[in-house]
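Starting from 1, each residue takes its place in the sequence as its number.
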Amino acid sequence: MSHTIKNFFYSIKKYIVTHRYTIYLAVPFLLMDIITRIFGYKIGYFPTFYPAPNIFTLVWIFLFLGVVTCLRGIGSKIAYWTLFSLSFILFLTNAIYYSFTSFYFSFNLMLMAGEGSSYIWDTIIHANPLIYVLAILIVIIAVVVFKKAPEKKVFRPKRLGVIFLIFIVLHLLAPLCLGFANSNLKWSSFRNPRNIYNSYSDSNKSMRVSGLYEYSFRNFYITFLKPKENINSEDKEFLDKIYTAEDTKQPDEYTGIFKDKNVIFLQLEGMDNWLLTKKTTPNLYGLMQNSINFKDHYSIYTGGGSTFNSEFAVNTGFTTPVSYTENVYTLNTNTFDYTMAKLFKKEGYAVNAFHMNTSGFYSRGINYKAWGYDNYFGLQDIAKYDTLDYELDRELILNKTFYDNMFKQNKKFVDYIITYTPHTPFTTTKEVGQLVAEMKYGKDNIPDLSEEETAKLMVGETDYMVGLLIQALKDNNLYDNTVIVAYSDHYLYTINDKTVLDKNKNTLGNLINHTPFFIWSSDMQPKNINKVTMQMNILPTVLNLFGIDYNSNYYLGTNALAKNYKGIAFFSDYSWYDGNVYVDNDKILNKGKLSRKKRDETSELVHNIIRKNDLTLKYDYFKTLKN
């Protein structure tokens, strides 16, 4: 046994000695990949020395050096320096781009090259100097190891064929190191490395799981070479008819009443209607009582991440696809020229988003950039917390960087604020629930609270933040010139004790998705809107209030304050509610009445809305419209 082990290690040593120059040639390529990924350590996903990205890199280096060692003379030199030069360009491009944007380079940026060409040189000369120090070191190593390598004198075409065959097999096997993708739509798919590899929609995470070479080749393939699923004539005709139709929206009494005011979109985590009361949330309740209050509002629930789905809906006017499986946070490469941020920026607004979570969570950093935001600020990205204080909503206002960027802009602003504290688990024995309870009762005096009582305690923290927000507006002379658009991302489906929901709200089918939505301004008369609304109505309604021109055909919902508005909420199972009847599988489940003809017409309308949503996203129709 001992002799066998000695022979094994002797064989390895002999192989290394025999092929040492080939191994030396691999060093510059390996360094470029590792350094590129080390630069992105703040991404906090998939550590640099995990097996998968390094396996991908070794497979590619095997191909590179296999080609070089199979050629002879000048051919070998040309192959090596060509591969090195291309790799070096990719290394520099990604390192420089990441140092300025915190995102790795993606080839889809070349489709918009004209927009950034004016500052490319300025970016190069002001990049992190360490990049150039390391780049020079890599070039020196490449020159030295190549000079030491013996010149290849024999051309080996058969060996070259074997090299390609082995590479193909290894490349097919390499993704198995990432595990398996989710077979069903899950909110947490953005965490699964195989899902990331399959979709390749998040440049940062894709680089982390793949390494420089696999990322570059796969990103190039997906951007330029991957066959696009062509839209059939029937679907194209359906979309063309919608998007080329005359815009029938009309000005109304609300058009432009908030023109040139600032606006804060306040997305409230899990803020169910039964939680928004004078006793539990006095600040929010006070705002709602003096607002345009949309009393029959619904937040469409999906298994693909209801919080981010609301962000997507409010910012783009669309929602998670229903007829096929796709998380909306993977759609950042789609063309969205008519987002909330882009339309407000055309009016001279600064547009920023604020949340406690990192830019990598739900790929928010990339998505908000794609939607046209100036910045996405994540508490965990900009501040170091030794405790769970970052999960307290008050930190959204108390953090100085957040405060300054929210309230001290030199021009009109849009602040998109996403709260967090009323988040599962609803217990005072751990996590943020325990933290909030200790702040109120003292560390050793926490009473035994039910889930319902704990949820009320946690939304009280959100309400405290709203009080700080109002005070900050007053302190910065913004109170009378700022509008607050407040809504919940979803009902409190995360509570374990479902009897709490049965006691406090209508839980019939999808009517359980009933949530708050109101628009407040200090100078407005309170008004209740009883027509049905949902997330996709928020954007066109707000655009109308601010007098911003838009094409109503470019969204799923319409202005909920228009005189001819007919309210409807639809859900991912094609059920719908119009304020009178709730219809599921062609059956009226509540006590309302509706003629068969009207029921069929509305069901067809819902089917067409969902079809419009899914086809628009699937085929990136706005890119076609743009061209």
Distance-minimising heavy-atom pair for Gln535 and Val314:
O-CG2, 4.5 Å

Between Gln380 and Tyr385, is a side chain to side chain donor-acceptor pair (under 3.5 Å) present by the stated rule, with each step listed?
CA-CA 8 Å; Gln380 293 184 82; Tyr385 289 88; over 6 Å; no

When you look at Phe105 and Phe107, which way does the ring pair (Phe, Tyr, Trp, His ring centres under 6.0 Å) test go after all the steps?
CA-CA 7 Å; Phe105 174 80; Phe107 283 105; 5.5 Å; yes

Can you see which heavy atom on Lys430 is nearest to which on Pro425, and at what distance?
CE-CG, 3.8 Å

Donor-acceptor pair, Ser99 side chain versus Ile96 backbone, under 3.5 Å?
yes

Atom pair CZ/OH of Phe318 and Tyr555 - distance to nearest 0.5 Å
8.5 Å

Tell me whether Lys612 contacts the main-chain N or O of Ile242 through its side chain, where contact means a donor paired with an acceptor under 3.5 Å.
no

Within a radius of less than 6.0 Å around CG of Asn232, do more than 12 heavy atoms belonging to other residues, nucleotides or ligands occur?
yes

Please verify the inter-ring angle class for Phe84 with Tyr80; under 30° counts as parallel, over 60° as perpendicular, anything in between as tilted.
parallel

Asn613 side chain vs Thr319 backbone, donor-acceptor pair below 3.5 Å:
yes

Could you label the plane-to-plane angle of the Phe29 and Phe64 rings as parallel, tilted or perpendicular, counting under 30° as parallel and over 60° as perpendicular?
tilted

Evaluate the ring pair (Phe, Tyr, Trp, His ring centres under 6.0 Å) criterion for residues Tyr98 and Phe39: first the C-alpha distance (whole Å), next the side-chain angles of each, then the deciding distance (0.1 Å), finally the verdict.
CA-CA 8 Å; Tyr98 183 86; Phe39 269 117; 7.7 Å; no

Under the 3.5 angstrom rule, does the side chain of Asp620 hit a backbone N or O of Thr335 as a donor-acceptor pair?
yes

Can you confirm whether the side chains of Asp33 and Thr57 place a donor and an acceptor under 3.5 Å from each other?
yes

Does Arg364 reach the side chain of Asn357, with side-chain heavy atoms less than 4.5 Å apart?
yes

Give me the atom names and distance for the closest heavy-atom approach of Gly66 to Leu160.
O-CD1, 4.4 Å

Kindly indicate whether the side chain of Arg159, heavy atoms from C-beta on, has any atom under 4.5 Å from the side chain of Thr69.
yes

Taking the basic N atoms (NZ, or NE/NH1/NH2) and the acidic carboxylate oxygens, is any pair closer than 4.0 Å for Lys618 and Glu229?
yes

Please round to the nearest 0.5 Å and tell me the distance separating atom CG of Asp489 and atom CD1 of Ile300.
13.5 Å

Looking only at the side chains, is there a donor atom on one of Asn352 and Asn375 sitting less than 3.5 Å from an acceptor on the other?
yes

Single hit among Tyr376, Tyr390, Phe354 for ring pair (Phe, Tyr, Trp, His ring centres under 6.0 Å) with Phe402
Phe354

Which word best sums up how the rings of Phe91 and Phe88 line up, parallel for under 30°, tilted for 30 to 60°, or perpendicular for over 60°?
tilted

Can you check whether Leu492 reaches Phe426 side chain to side chain, under 4.5 Å on heavy atoms?
yes

Roughly how far, to the nearest 0.5 Å, is CG of Asp202 from CG of Asn195?
12.0 Å

Looking at Asp235 and Arg611, is there a salt bridge between them, counting it only when a charged N and a carboxylate O are closer than 4.0 Å?
yes

Ser363 OG to Leu331 CG distance, which is reported to the nearest 0.5 Å
11.0 Å

Mind running ring pair (Phe, Tyr, Trp, His ring centres under 6.0 Å) on Phe312 and Phe336 for me, showing each step along the way?
CA-CA 11 Å; Phe312 185 81; Phe336 294 110; 5.7 Å; yes

What is the minimum heavy-atom distance between Leu539 and Gly317, and which atoms define it?
CD2-N, 4.1 Å

For the student: nearest non-hydrogen atoms of Pro321 and Asp614, plus distance:
CA-OD1, 3.3 Å

Would you kindly say whether Glu311 and Tyr368 are connected by a side-chain donor-acceptor distance under 3.5 Å?
yes

Whether the side chain of Glu431 engages the backbone of His423 through a donor-acceptor N/O pair (distance < 3.5 Å, no angle test) should be reported.
no

Among Tyr554, Tyr621, Trp371, whose ring pair (Phe, Tyr, Trp, His ring centres under 6.0 Å) with Tyr338 holds?
Tyr554

In terms of ring plane angle, is the pair Phe622 and Tyr243 parallel, tilted or perpendicular, where the classes change at 30° and 60°?
perpendicular

Do Tyr215 and Ser203 have side chains that get closer than 4.5 Å, going by heavy atoms?
yes

For the residue pair Asn315 and Thr339, confirm or rule out a side-chain donor-acceptor distance under 3.5 Å.
no

Report the distance from atom CG of Leu58 to atom CG of Leu63, rounding to the nearest 0.5 Å.
13.0 Å

Over 12 non-hydrogen atoms of neighbours within 6.0 angstrom of OH in Tyr50
no

Does the pair Lys236/Asp240 count as a salt bridge with the N-to-O cut at 4.0 Å?
yes

For the residue pair Tyr197 and Tyr200, categorise the inter-ring angle as parallel (less than 30°), tilted (30 to 60°) or perpendicular (more than 60°).
perpendicular

Taking the side chain from Arg194 and the backbone from Leu178, do they hold a donor-acceptor pair closer than 3.5 Å?
no

Given 3.5 Å as the limit, does a donor-acceptor pair link the side chain of Lys205 with the main chain of Gly360, or not?
yes

Check whether any side-chain N or O of Asn513 sits under 3.5 Å from a backbone N or O of His490 as a donor-acceptor pair, and report yes or no.
no

Just how far is it from atom OH of Tyr574 to atom OG of Ser323, taken to the nearest 0.5 Å?
5.0 Å

Closest contact, heavy atoms only, Asp337 versus Lys342:
OD1-NZ, 3.7 Å

